[in-house]
Amino acid sequence: MTLFHASFAVQQYDLAATLASGQTFRWRRAGDSWEGVVAARWVRLRQEPGRIRAQTAVPAGDWQWLRHYLQLDIRLEEVLATFPDDEPMRQSIAACRGLRLLRQEPWECLASFICSSTKQIVQIQQIIALLCRRYGDPLPTPEGVGPAWSFPTAARLASVSALELRECKLGFRAPYLAGAAAKLAAGELDLSRLSALPLEEARAALLELHGVGVKIADCVLLFAHGFQEAFPVDVWIARALRRLYFPRRGANLPRLRRFSQTHFGPHAGYAQQYLFHYIRTRDTQTYKRGARRGKRR
DNA sequence: GGCCAGGCGCGTA
DNA sequence: TACGCGCATGGC
């Protein structure tokens, strides 16, 4: 099979950190490359000095869809310059300079994060892989590469019973996903319109969905709609904020949310991703060891 | 074997 | 507004 190639000049782009930092769940490392699906196309990406090389199995047009997804035209230095000048952020930047936010397809992002609650990232990846395998459409892949599927549409998932969804290890999230799919399929919510709304209105629209709270809504606003002020506070970020900014007096969740809304500036969500990746890569080992011995913190 | 996971909805104070 | 609980399931 013919492959279609492109090469993008990049500076300060850490592809591995970007694809593996928990903002998206379908990329797999394959040797020195990454394989995934973007805009219903199988894609292989490889980082080289000063560039990212891409391959697809079908004609890729002008590659704008991939440039947009990878956010290649963002000036990272200008984003980083807006972060607060404090020690936690300096450490976070030093730990993963080149980490980027992707611009994901809204439905896939929403559905993925509905599946994410109280799940480890590994499990989220498994759930989404199952959903794609069962309800997505098969995509062309090169010889020697395993099969790939598109992310199932809302209409397709709306045609599946919540009971069937439970078989994808969704547990209590099954009716949440089914409900969201039904609402989108019925045209009661149009995700494509959210980017044009003020942040608060876009968030309110997402919160209408049963099973979508502030955290999931902010993930979708940040990762799919480009609201860079959105700052999802999950257990990792809460842990990071408490440890790095409130080490002595502690802080409850509402306090952390208020702090996050004022402290991190116009690209707070970007700062959040740096903190998230920093605390996870730094703490995963010690955290797991500590947890097993029951003496965390 | 038990703790915890990129939470949420609901009841209660 | 803040807190506690139950909810499925499985990795470590």
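Hydrogens, waters and symmetry mates are skipped; everything else that's a heavy atom, side chains included, is used. We name chains A, B, ... by the order of the sequence lines, and we start the count at 1 in each one.
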### Query
Mapping Val212(A) and Ile124(A) to their closest nucleotides on DNA chain B, which lands nearer the 5' end?
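The residue mapped nearer the 5' terminus is Ile124(A).
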
### Query
Which sits closer to the 5' end of DNA chain B, Gly211(A) or Lys119(A), going by the nucleotide each is nearest to?
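Looking at DNA chain B, the more 5' nearest nucleotide goes with Lys119(A).
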
### Message
With a 4.0 Å cut-off on N to O distance, would you call Asp73(A) and Arg67(A) a salt bridge?
### Response
yes

Would you classify [X] as touching base, sugar-phosphate or nothing, given that sugar-phosphate means primed atoms plus P, OP1 and OP2, and contacts are heavy atoms under 4.0 Å?
X: Ser116(A); result: sugar-phosphate
X: Gly213(A); result: sugar-phosphate
X: Ile114(A); result: nothing
X: Ile237(A); result: base
X: Ser21(A); result: base
X: Pro232(A); result: base
X: Gln273(A); result: base
X: Gln272(A); result: base

[Y] ring center within less than 6.0 Å of [X] ring center:
X: Phe151(A); Y: Tyr135(A); answer: no
X: Phe264(A); Y: Phe83(A); answer: no
X: Phe113(A); Y: Tyr176(A); answer: no

### Query
Do Gln126(A) and dG11(C) have a side chain to base donor-acceptor pair shorter than 3.5 Å?
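Donor-acceptor pair under 3.5 Å: no.
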
### Query
So, does the side chain of Gln123(A) form a donor-acceptor pair with the base of dG6(B) at under 3.5 Å?
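No such pair is found, so the answer is no.
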
Within this structure, what is the [atom1]-to-[atom2] distance between [X] and [N], rounded to whole angstrom?
X: Leu170(A); N: dT9(C); atom1: CG; atom2: C1'; answer: 10 Å
X: Leu209(A); N: dG9(B); atom1: CG; atom2: C1'; answer: 14 Å
X: Asn252(A); N: dC3(C); atom1: CG; atom2: P; answer: 4 Å
X: Phe172(A); N: dC10(B); atom1: CZ; atom2: C1'; answer: 14 Å
X: Arg257(A); N: dA2(C); atom1: CZ; atom2: P; answer: 10 Å
X: Leu253(A); N: dA2(C); atom1: CG; atom2: C1'; answer: 10 Å
X: Gln120(A); N: dG2(B); atom1: CD; atom2: C1'; answer: 13 Å
X: Tyr176(A); N: dT9(C); atom1: OH; atom2: P; answer: 14 Å

#### Entry: Gln23(A), nearest nucleotide to its side chain (from dC12(C), dA2(C), dG6(B))
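That would be dG6(B).
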
### Query
For Arg28(A), does the CZ atom have more than 12 heavy-atom neighbours from other residues, nucleotides or ligands under 6.0 Å away?
yes

Provide the distance between the two [atom1] atoms, one in [N] and one in [M], to the nearest whole Å.
N: dA8(C); M: dG1(B); atom1: P; value: 24 Å
N: dA2(C); M: dG6(B); atom1: P; value: 25 Å
N: dG6(C); M: dC3(B); atom1: P; value: 14 Å

### Query
Taking the side chain from Arg103(A) and the backbone from His225(A), do they hold a donor-acceptor pair closer than 3.5 Å?
yes

### Query
Taking the six-membered ring for Trp, does Phe276(A) stack with dG6(B) (centroid gap under 5.5 Å, planes within less than 30°)?
yes

### Task
Quick one: pull up CG in Leu99(A) and CG in Leu76(A) and give me the separation to the nearest 0.5 Å.
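If I round to the nearest 0.5 Å, the distance is 8.5 Å.
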
Is any side-chain N or O of [X] closer than 4.0 Å to OP1 or OP2 of [N]?
X: Arg239(A); N: dA5(B); answer: yes
X: Arg258(A); N: dA2(C); answer: yes
X: Arg166(A); N: dA8(C); answer: yes

